Structures are given as structure tokens and as C-alpha cells.
Amino acid sequence: QVQPVESGGGSAEAGGSLTLSCVFSGGTKNKYCMGWFRQAPGREREGVASIDSEGRTSYEEFVKGRFTISRGNAEDTMYLKMDNLKPEDTAMYYCAAGGHYGGSCFRFPATDNFSFWGRGTQVTVSG
């Protein structure tokens, strides 16, 4: 059983940076699609970025040019580097992984491919 665990959330001022980390206990061995999602109070969960088993990335328009998703050297880690943060980036951020379509993320930001979800880490941007 794969269990993602997020860390790195916190508070930042507008224009600042934060880096989120996700460790997948149970092992993914780089065979899954991995992604970051977020949910703000009163809003539905939305996709942020994904990375497939080949390292190809995709970003939702509202974070393009500001956020960077990557896999760590350790095969079961993933990061989300967030630069030029905006107050509207305030949300609970979740990492997820799934292998319904092999390692492909072609269905992102749809969530049907993601079987394993973390509990989230809060990001709050002021200013």
C-alpha cells in the first residue's frame, strides 16, 4: 500500500516562495503518475501539477511559470517548488499517486487515476 505524506507547508508573504515535499511510503518505484492538488475553503479540489513516470510535467494555467514539480533523487519523493506566491494560492495542498493508466498522467487534472492520497499540508499566503 502506497501512503503519501506531505510536508513543507507554512506561511509566506505574497511574492515569496515555499517548497512542498511528498514521500511515498510503500514505494512507487517511479512507475506511477504523481500529482499535486489543492483545495481552498469553500472550493472544490483542483489539480496543480503532475509528473509522469517518464518525467514529463504538466501545469494548470494559474501556476504556470511560478510552480515547478519534480521527482527527487530518491525514487519515492516528489517536490513542488512554489515561487511568486499569491494570496489566492492559499489552500490545503495534497500529493497523490496512481497507476491506472500505467505511469501516464494524460487524464490530469481528473482525479480518477489517483488512488493514493496524502492528508495535506496547509499553505497560507498573506499580503
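Small disclaimer: the values here were computed from a predicted structure and weren't measured.
- Judged purely by distance below 3.5 Å, without hydrogens or angles, the side chains of S58 and S50 pair a donor atom with an acceptor atom.
- Side-chain atoms of N113 come within 3.5 Å of backbone N or O of H100 as a donor-acceptor pair.
- Listed here is the closest heavy atom pair of R71 and M34: NH1-CE, 3.1 Å.
- At a threshold of 4.5 Å between non-hydrogen side-chain atoms, the residues R119 and V5 do not count as touching.
- Heavy-atom minimum distance, C105 versus I51: SG-O, 3.4 Å.
- For the residue pair C33 and S104, the shortest heavy atom distance occurs at CB-O, 3.3 Å.
- In this structure, the ring-ring contact (aromatic ring centres under 6.0 Å, His included) partners of F116, at least two apart in sequence or on a different chain, are Y32.
- A heavy-atom distance below 4.5 Å is found between the side chains of T19 and K81.
- The two residues A40 and A91 have their closest heavy-atom pair at N-CB, 3.9 Å.
- Looking at S25, its side chain does come within 3.5 Å of a backbone N or O of Q3 through a donor-acceptor pair.
- One side chain, S17 or D83, offers a donor N or O that lies under 3.5 Å from an acceptor on the other.
- Between E46 and R38 there is a salt bridge, since at least one side-chain N of the basic residue sits less than 4.0 Å from a carboxylate O of the acidic one.
- Across all their heavy atoms, Y93 and D89 have their closest contact at OH-O, 2.7 Å.
- Cluster membership for V48 and Y94, using ILVMFWY side-chain heavy atoms within less than 4.5 angstrom, is not shared.
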Evaluate the side chain to side chain contact (heavy atoms under 4.5 Å, CB included) criterion for residues E13 and L85: first the C-alpha distance (whole Å), next the side-chain angles of each, then the deciding distance (0.1 Å), finally the verdict. CA-CA 7 Å; E13 293 187 355; L85 284 162; over 6 Å; no
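- For the pair L80 and A49, the tightest heavy-atom approach, listed with the atom from each and the gap, is CD1-CB, 4.3 Å.
- A heavy-atom distance below 4.5 Å is not found between the side chains of E6 and L20.
- Here the side chains of K86 and R66 are in contact, with some heavy-atom distance below 4.5 Å.
- By the 4.5 Å heavy-atom criterion applied to side chains, M78 and W36 are counted as neighbours.
- In this view, F37 and F108, F114, W117 satisfy the ring-ring contact (aromatic ring centres under 6.0 Å, His included) rule, not counting sequence neighbours.
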